[in-house]
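Comments concern the structure below.
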Amino acid sequence: MGYNVLDICHHVINYSNENDYGISNLKLQKVLYFIQAYFLTNKKDGTPCFDEKIEAWDFGPVVPEAYHEYKQYGSGDIPAIKSYILFDEDDIWGLERVDFNDDIVLDGDKALINKVIDKFSEYSATDLVSLTHKQSPWLDAYVPYQNNEITIEAIREYFNG
């Protein structure tokens, strides 16, 4: 079992802000894709970083849950996340602001994630879109208006190449 993608997003966004990299939602989506690829090819057991699926959208790979969580920022950079709202599905008034806990992601995994963020820090979101558009996991899955899944197997096979 991997992490929840939103926990990975919190770390990526906060690490990017701490290092003055800046990260938009579009760039976040590509970084998540490369983090997933890095875990699949560099972890001893080849486990995915997160469980949510990646889809082939017009602008490259996207994790829908993460995209919808941060679409409010448009094309601007996402600010550091220090807390979030916890919703209680049984009690619509049961909202609670919770401090973000960065201990969810293990230190060894954070080190792998940070390597990927550092590697792509100099690339613009547009650069990363162009890069993913040349790679078979996106090319093979992409059909306009279909949001097909880019499978773990396709990512693993391509990056193990």
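The basis for the numbers below is simple: all heavy atoms, side chains too, and nothing from hydrogens, waters or symmetry mates.
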Check for a donor-acceptor pair, side chain of Tyr38 on one end and backbone N or O of Tyr33 on the other, with a separation under 3.5 Å.
no
Non-hydrogen atoms of Ala141 and Ile150 that approach each other most closely:
CB-CG1, 3.9 Å
Side-chain heavy atoms of Leu28 within contact of Tyr67, under 4.5 Å:
no
If you group Ile, Leu, Val, Met, Phe, Trp and Tyr by side-chain heavy-atom gaps below 4.5 Å, do Ile8 and Leu112 land in one group?
yes
Check the pair Lys115, Asn42 against side-chain contact (heavy atoms from CB on, under 4.5 Å), reporting the backbone distance first and the verdict last.
CA-CA 12 Å; Lys115 269 188 187 170; Asn42 285 277; over 6 Å; no
Check whether Val62 and Ile117 end up in the same hydrophobic cluster, where Ile, Leu, Val, Met, Phe, Trp and Tyr are linked by side-chain heavy atoms less than 4.5 Å apart.
no
Any side-chain hydrogen bond (donor to acceptor under 3.5 Å, both in side chains) pairs touching residues 150-161, not counting sequence neighbours?
none
Minimum side-chain heavy-atom gap Ser24-Ile78 below 4.5 Å:
no
What distance separates Gln135 CD from Asp140 CG, expressed to the nearest 0.5 Å?
11.5 Å
Check side-chain hydrogen bond (donor to acceptor under 3.5 Å, both in side chains) between Gln29 and all other residues, then give those that pass, not counting sequence neighbours.
Asn25
Apart from Phe59 itself, what residues make up its hydrophobic cluster when side-chain heavy atoms of I, L, V, M, F, W and Y under 4.5 Å apart count as a link, directly or indirectly?
Leu26, Val129
How long is the straight-line distance from CG of Asp7 back to CD1 of Ile104, given to the nearest 0.5 Å?
4.0 Å
Other than Val143, which residues form its hydrophobic cluster under the rule that side-chain heavy atoms must be closer than 4.5 Å?
none
What pairs meet the ring-ring contact (aromatic ring centres under 6.0 Å, His included) rule with one or both residues in residues 107-143, with sequence neighbours excluded?
Phe34-Phe120, Phe120-Tyr123, His133-Trp138, Trp138-Tyr142
Could you work out, with side-chain hydrogen bond (donor to acceptor under 3.5 Å, both in side chains) as the rule, every residue matching Glu69, not counting sequence neighbours?
none
Under the side chain to side chain contact (heavy atoms under 4.5 Å, CB included) test, which residues partner Ser124, sequence neighbours left out?
Thr126, Asp127
In terms of hydrophobic clusters joined by side-chain contacts under 4.5 Å, are Leu106 and Val116 together?
yes
side-chain hydrogen bond (donor to acceptor under 3.5 Å, both in side chains) filter on Asn148, not counting sequence neighbours, yields Gln146
Lys43: salt bridge (Lys or Arg N to Asp or Glu O under 4.0 Å) partners, not counting sequence neighbours
Asp109
Measure the NZ-CG distance between Lys30 and Leu32 for me, rounded to the nearest 0.5 Å.
9.0 Å
Residue pairs involving residues 13-22 (criterion side-chain hydrogen bond (donor to acceptor under 3.5 Å, both in side chains); sequence neighbours excluded)
Tyr15-Asp118, Tyr21-Asp118
Donor-acceptor contacts under 3.5 Å from residues 46-56 side chains, at least two apart:
| unit_1 | atom_1 | unit_2 | atom_2 | d |
| --- | --- | --- | --- | --- |
| Thr47 | OG1 | Asp45 | OD1 | 3.3 |
| Asp51 | OD1 | Gly2 | N | 2.8 |
| Asp51 | OD2 | Gly2 | N | 3.4 |
| Glu52 | OE1 | Val5 | N | 2.9 |
| Glu55 | OE1 | Trp57 | NE1 | 2.9 |

What residues, two or more places apart in sequence or in another chain, satisfy side-chain hydrogen bond (donor to acceptor under 3.5 Å, both in side chains) together with Lys134?
none
